[in-house]
Amino acid sequence: MMPAMSSVKLFAKSLAVLLFSLTLINPAAGAVVPRSGSKSCGNDTAGPKPNPRRFGFLLPRAFDVIDVFGPLDILQALSRQTHLDMVLLSRTLDPVTTQPGSAAMNKFNSSFFPTVVPTHTFADAPPIDVLVVPGGAAARSPDLGPEIAYIQKVFPSLQYLITICTGAGIAAQSGVLDGHRATTNKAAWGTVTPMGPKVKWVSPARWVEDGKVWTSSGVTAGLDLTFEFVKQKYDNGSAIAEMIAGSTEHVIIKDWRDDPFSAKFNVPPSN
Ligand SMILES: *[C@@H]1O[C@H](CO)[C@@H](O)[C@H](O)[C@H]1NC(C)=O
Ligand SMILES: *[C@@H]1O[C@H](CO)[C@@H](O)[C@H](O)[C@H]1NC(C)=O
Ligand SMILES: *[C@@H]1O[C@H](CO)[C@@H](O)[C@H](O)[C@H]1NC(C)=O
């Protein structure tokens, strides 16, 4: 028992060391060539990729942690394969709490709310290629004026807008989803979809791609959206996405229509 286990351990350790050294010497790492202005048609064989570099994450008060840090974790892993820049955007540089603004949304008076320090305010935000809008209790806040104004202002210059979960509700309130196909958390469908009466809400959908607008269903669906985004938008994206999914031990849902939660929450098929 013991010798077998330690040799397995030893093997795993050597493999880890080997993989680590490979990433150090791999000439492909960092050799991804940016091709600006090019359009992607979907997969690695379909030609040059846009390779977006600069990601902004919107941090409204009471954002959902995984909506931000799930995609961010995947992209951070991608940033070890190609150059990426990240900014965390909020109204001020004060730490942003996940605690809802209204006491009614914390009825047991819990103290279970981390804070995240933004890197830039909306007013001094640098140019970005991609904006990621998370959801959470934030989407139901009556006070989203500065977030909505920033989304409206930046949207025309974005390569991509990505919303996670009920973040689609925040983007919808800013009007930028009007006329687009989009989805959101199926458990929150009834409250979020009225925030965008002119949006073509899609169900069932784990995520939806509509040109520059990518929207995901609830929380962890954002991981599947992000893996697909890496696959489609980066040179060698499929291999990199598989590598990151392997190291994070995530089983990717690869078909955007694979959405068991539409039925679970009685959301009728649409669009
Ligand atoms: C990739 O795109 C090519 C050309 O559009 C297509 O023939 C091929 O089936 C696609 N492969 C995958 C895995 O989608
Ligand atoms: C809620 O908890 C805080 C400490 O975390 C305490 O100071 C405050 O009095 C509590 N409020 C109520 C209404 O119990
Ligand atoms: C593609 O990415 C994988 C995973 O990081 C790596 O093993 C492989 O060498 C890369 N291939 C090219 C051509 O860059």
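In each ligand, atom 1 is the first atom listed, and ligand 1 is the first ligand listed. We use all heavy atoms of the structure for the numbers below, so side chains are in, but hydrogens, waters and symmetry mates are not. Since the model is a prediction, treat every value here as computed from it, not as a measurement.
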Interfacing atoms of ligand 3 (cut-off 4.0 Å, heavy-atom, Ala239):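 Numbered from 1, ligand 3 contributes 1 (C), 2 (O), 3 (C), 4 (C).
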
Is a donor on one side and an acceptor on the other found under 3.5 Å between the side chain of Asp64 and the backbone of Ala137?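 Not confirmed, Asp64 side chain does not pair with Ala137 backbone.
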
Sidechain-backbone polar pair: Thr183 side chain, Val202 backbone, donor-acceptor under 3.5 Å: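 A pair under 3.5 Å: yes.
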
With the threshold set strictly below 4.0 angstrom, can you tell me whether any protein non-hydrogen atom sits that near atom 2 (O) of ligand 2?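 Under the 4.0 Å cut-off, atom 2 (O) of ligand 2 does have protein heavy-atom neighbours.
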
Using protein heavy atoms only, decide if any is under 4.0 Å from atom 7 (O) of ligand 2.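 So far as the 4.0 Å threshold goes, atom 7 (O) of ligand 2 is out of reach of every protein heavy atom.
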
Heavy-atom proximity to atom 13 (C) of ligand 3, best of Asn236, Thr82, Ile244, Ile240: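 Nearest heavy atom to atom 13 (C) of ligand 3 lies in Asn236.
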
Phe122 and Thr92: CA distance, side-chain angles, deciding distance, side-chain contact (heavy atoms from CB on, under 4.5 Å) verdict: CA-CA 8 Å; Phe122 299 139; Thr92 69; over 6 Å; no

Taking only heavy atoms of Asn109 into account, list the atoms of ligand 2 that are under 4.0 Å away from them.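 Answer for ligand 2: 1 (C), 2 (O), 3 (C), 8 (C), 10 (C), 11 (N), 12 (C), 14 (O).
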
Once you round to the nearest 0.5 Å, how far does OG1 of Thr220 lie from CG of Asp67?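 Answer rounded to 0.5 Å: 9.5 Å.
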
Quick one: is the NZ or CZ of Lys254 closer than 6.0 Å to the six-membered ring centre of Phe227, and within 45° of its axis?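 Because its charged atom misses either the 6.0 Å distance or the 45° angle limit, Lys254 does not stack over Phe227.
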
To the nearest 0.1 Å, how far is atom 5 (O) of ligand 2 from its closest protein heavy atom, and which atom is that?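 Of every protein heavy atom, Ser111 CB, 4.5 Å lies nearest to atom 5 (O) of ligand 2.
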
Could you tell me whether Gln81 approaches ligand 3 through its side chain, its backbone, both or neither, with non-hydrogen atoms closer than 4.0 Å?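 Contact part for Gln81 vs ligand 3: side chain (C-beta onward).
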
